[in-house]
Amino acid sequence: MTASKPSLAAHLRADETVITAWSTLAVPVLAELLGRSGYGAVTLDMQHGAHDIASIREGIAAARLGGAHAVVRPPVDDFATVSRAFDLGAEAVIMPMVNTVEDALALVGASKFPPVGVRSWGPHRAAMLQGLTPAEYLASANKETVAFAMIETPAALDALDEMLAVEGLDGVFIGPGDMSLTLSEGRELAPSSEKVQTIAADVAKRARAAGKVAGIFCNNAADARSARDMGFRFISHGIEMSMLLEVAKARLAELD
């Protein structure tokens with residue numbers, strides 16, 4: 001980031017809470033509008049959303065134009081896209097289904113330059129968007145890029161402490177929907193259940209004790225407020241597709 005605007009990493013290191021919108025539609029101008037609405041960050045979803053490389057390329061720039069930090073969730077195990085997202089100017093990635101130390105190491109490898117990782121050189125667009133020279137970008141990149149590992153399964157919970165010890169892994173991000181699905185062996189989808197929320201609170205506590213950032217996807221305002229109290233500092237609240245539907249329905253209802 002330019003000197004006049006702190007990076008997402010800087011906000012999180014300062015223990016500030018950042019609320020991110022969730023973008024599933026491959027329409028870059030929506031990322032700009034979400035930023036202009038006041039969201040601190042916009043997360044472009046390539047796992048379950050419609051985003052691809054072309055739309056994140058434009059969406060990252062659009063989010064920045066709107067004043068928001070740009071985050072990308074790549075597809076499962078697509079570590080090549082992690083490096084590409086950072087090269088295109090993303091400030092953070094959220095890798096889904098990180099279940100082992102090996103997964104965490106692969107994420108760090110794709111996210112960080114040597115000696116921490118093995119990311120290769122090519123962040124020309126990122127440096128341009130951030131107003132940095134290539135040398136300036138290299139000097140700060142490992143500190144200013146944020147690698148989140150999604151914790152969504154019993155296997156990930158079992159390996160959590162080992163993953164939190166991995167150098168270069170900046171944080172963990174709870175996926176409560178898949179957490180409820182995997183814990184129940186597919187019997188229920190209950191992201192707001194007491195069981196899932198209790199686990200989330202424990203993950204946040206352990207992450208913060210390890211000096212890592214705790215993030216979480218929230219399905220409603222009540223969960224988002226609880227997450228903030230639990231110690232989560234990167235919180236997703238609001239999917240643009242759902243918000244558009246809700247506003248459209250409300251506008252039509254005004255005519256009744």
Side-chain angles (χ1 to χ4, degrees), residues 1-2 5 7-9 11-12 18-37 39-98 106-113 117 119-132 134 137 141-142 144-150 170-171 173 175 213 215 217 234-244:
M1 301 293 287
T2 60
K5 183 176 175 59
S7 65
L8 174 61
H11 286 299
L12 296 174
V18 178
I19 305 298
T20 183
W22 205 264
S23 171
T24 64
L25 301 173
V27 183
V29 71
L30 293 178
E32 178 187 344
L33 295 175
L34 290 166
R36 292 187 184 280
S37 76
Y39 276 100
V42 178
T43 299
L44 309 171
D45 188 358
M46 301 177 75
Q47 182 193 11
H48 293 304
H51 282 286
D52 56 17
I53 285 293
S55 67
I56 68 163
R57 180 192 65 215
E58 302 304 322
I60 288 167
R64 291 185 63 89
L65 180 62
H69 302 288
V71 180
V72 171
R73 179 166 75 165
V76 176
D77 293 336
D78 189 349
F79 297 103
T81 294
V82 170
S83 295
R84 294 193 72 184
F86 282 130
D87 285 349
L88 292 170
E91 293 186 59
V93 296
I94 304 171
M95 174 55 77
M97 291 293 173
V98 176
L107 172 58
V108 171
S111 301
K112 308 294 183 178
F113 292 115
R119 179 183 168 194
S120 60
W121 183 253
H124 306 293
R125 180 59 170 161
M128 182 185 300
L129 287 173
Q130 296 175 23
L132 302 174
Y137 182 89
N142 281 357
E144 300 300 329
T145 52
V146 180
F148 282 108
M150 285 199 77
D170 301 292
F173 189 92
V213 179
F217 186 96
F234 187 70
I235 299 172
S236 169
H237 173 54
I239 304 171
E240 100 278 61
M241 183 185 294
S242 298
M243 289 190 280
L244 179 59

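Note that the coordinates shown come from a computational prediction; the quantities given were computed from them, not determined experimentally.
Shown here are the salt bridge (charged side-chain N to carboxylate O under 4.0 Å, His left out) partners of Arg125, two or more places apart in sequence or in another chain: there are none.
For the pair Ala26 and Pro28, the tightest heavy-atom approach, listed with the atom from each and the gap, is O-CD, 3.6 Å. Across every non-hydrogen atom of Ala21 and Leu34, the tightest pair is CB-CD1, 3.9 Å. When all heavy atoms are compared, the tightest approach of Gly35 to Ala68 is CA-CB, 3.7 Å. Across Gln47 and Pro96, no two heavy atoms sit closer than the pair OE1-CB, 3.3 Å.
Taking the side chain as every heavy atom from C-beta outward, Arg119 and Ser111 never approach each other to under 4.5 Å. Here the side chains of Lys112 and Thr145 are in contact, with some heavy-atom distance below 4.5 Å. Side-chain contact between His51 and Arg73: absent, with no pair of heavy atoms (C-beta onward) separated by less than 4.5 Å. When side chains are defined from C-beta on, Trp22 does not count as touching Ser242, because their heavy atoms never get closer than 4.5 Å. Within the 4.5 Å cutoff, the side chain of Gln130 has no heavy atoms near those of the Glu144 side chain. Looking only at side-chain heavy atoms (C-beta outward), Ser23 and Tyr39 stay at 4.5 Å or farther from each other.
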(Q) Under the criterion side-chain contact (heavy atoms from CB on, under 4.5 Å), I'd like the reasoning laid out for Ile60 against Leu129: C-alpha separation, chi angles, the key distance, then a yes or no. (A) CA-CA 9 Å; Ile60 288 167; Leu129 287 173; 4.1 Å; yes
List the steps, then state whether side-chain contact (heavy atoms from CB on, under 4.5 Å) holds for Glu58 with Val29. CA-CA 8 Å; Glu58 302 304 322; Val29 71; over 6 Å; no
Counting only pairs under 3.5 Å, give me each side-chain donor-acceptor contact of residues 76-86, with atom names and distances, residues two or more places apart or in other chains.
| from | atom 1 | to | atom 2 | distance (Å) |
| --- | --- | --- | --- | --- |
| Asp78 | OD1 | Thr81 | N | 3.1 |
| Asp78 | OD1 | Thr81 | OG1 | 3.1 |
| Asp78 | OD2 | Thr81 | OG1 | 2.7 |
| Ser83 | OG | Ala110 | O | 2.6 |

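The aromatic rings of Phe148 and Phe234 sit parallel, their planes meeting at an angle under 30°, below the 60° perpendicular limit.
For the side-chain contact (heavy atoms from CB on, under 4.5 Å) test with Ile94, the passing option among Thr20, Val146, Leu107, Thr43 is Thr43; the others fail.
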